Amino acid sequence: MTIADLIAQAGLPNDADIKPTLPELTWHVTTPLKRAGITTIGELRARSDAELLDIPQFGERRLDMLKAVLQQREAQ
């Protein structure tokens, strides 16, 4: 499942900032996103998994962490 799919299923608003909306994320995930100019849920939703993996210091493990947090949100 893609990040966009998980965000949609969790019902997160596009204009929400990532960090306060998903406080479970560590700085290991949020810092590379911030450096890439991705600070809101909508900006995150607009990127494909492949585009996220192209961000320096954001690899498969961090993508998996992000997906895990979003899946937990979906289950709530």
Side-chain angles (χ1 to χ4, degrees):
M1 197 168 276
T2 67
I3 290 294
D5 293 336
L6 292 169
I7 290 171
Q9 288 183 357
L12 301 175
N14 284 333
D15 61 345
D17 287 332
I18 294 170
K19 207 165 188 174
T21 304
L22 301 171
E24 307 90 341
L25 292 175
T26 67
W27 65 270
H28 294 95
V29 176
T30 58
T31 299
L33 293 174
K34 185 177 177 181
R35 287 184 184 149
I38 302 170
T39 59
T40 67
I41 296 296
E43 292 166 343
L44 183 59
R45 177 183 277 166
R47 301 286 182 105
S48 69
D49 289 6
E51 288 172 315
L52 292 173
L53 291 172
D54 285 340
I55 296 171
Q57 303 298 312
F58 195 91
E60 284 284 343
R61 186 170 178 205
R62 292 187 178 148
L63 180 63
D64 290 343
M65 287 179 196
L66 178 56
K67 285 183 175 185
V69 167
L70 289 169
Q71 286 171 339
Q72 288 174 350
R73 281 296 173 109
E74 176 189 351
Q76 292 178 352

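Worth saying up front: this structure is predicted, and the values here are computed from it rather than measured. FYI, the numbering just counts along the sequence from 1.
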Residue pair Ala16 / Thr21: nearest heavy atoms and the distance that separates them
CB-OG1, 3.2 Å

The side-chain hydrogen bond (donor to acceptor under 3.5 Å, both in side chains) partner of Arg45 among Asp5, Thr40, Asn14 is Asn14

Does CD in Gln57 sit with more than 12 non-hydrogen atoms of other residues, nucleotides or ligands closer than 6.0 Å?
no

Would you say that Ile55 contacts Arg47 through its side chain, given a criterion of any heavy-atom pair below 4.5 Å between the two side chains?
yes

Ile38 and Leu52, any side-chain heavy atoms less than 4.5 Å apart
yes

Would you give the length of the straight line joining atom CD1 of Ile18 to atom CG of Leu44, rounded to the nearest 0.5 angstrom?
4.5 Å

dist Trp27:CH2 -> Lys34:NZ (nearest 0.5 Å) comes out at 13.0 Å

Check: Lys67 side chain, Met1 main-chain N or O, donor-acceptor pair, under 3.5 Å:
yes

Evaluate the side-chain proximity of Leu22 to Ile41: yes if any heavy-atom separation is below 4.5 Å, no if none is.
yes

Leu6 and Leu66, any side-chain heavy atoms less than 4.5 Å apart
no

Picking from Thr39, Thr30, Leu33, what satisfies side-chain contact (heavy atoms from CB on, under 4.5 Å) with Lys19?
Thr30

For Arg35 and Pro56, indicate whether the former's side chain and the latter's backbone hold a donor-acceptor pair under 3.5 Å.
no

Closest non-hydrogen atom pair between Pro32 and Arg62, with its separation:
CG-NH1, 4.2 Å

Of all heavy-atom pairs linking Glu43 and Gly37, the shortest is OE1-O, 3.3 Å

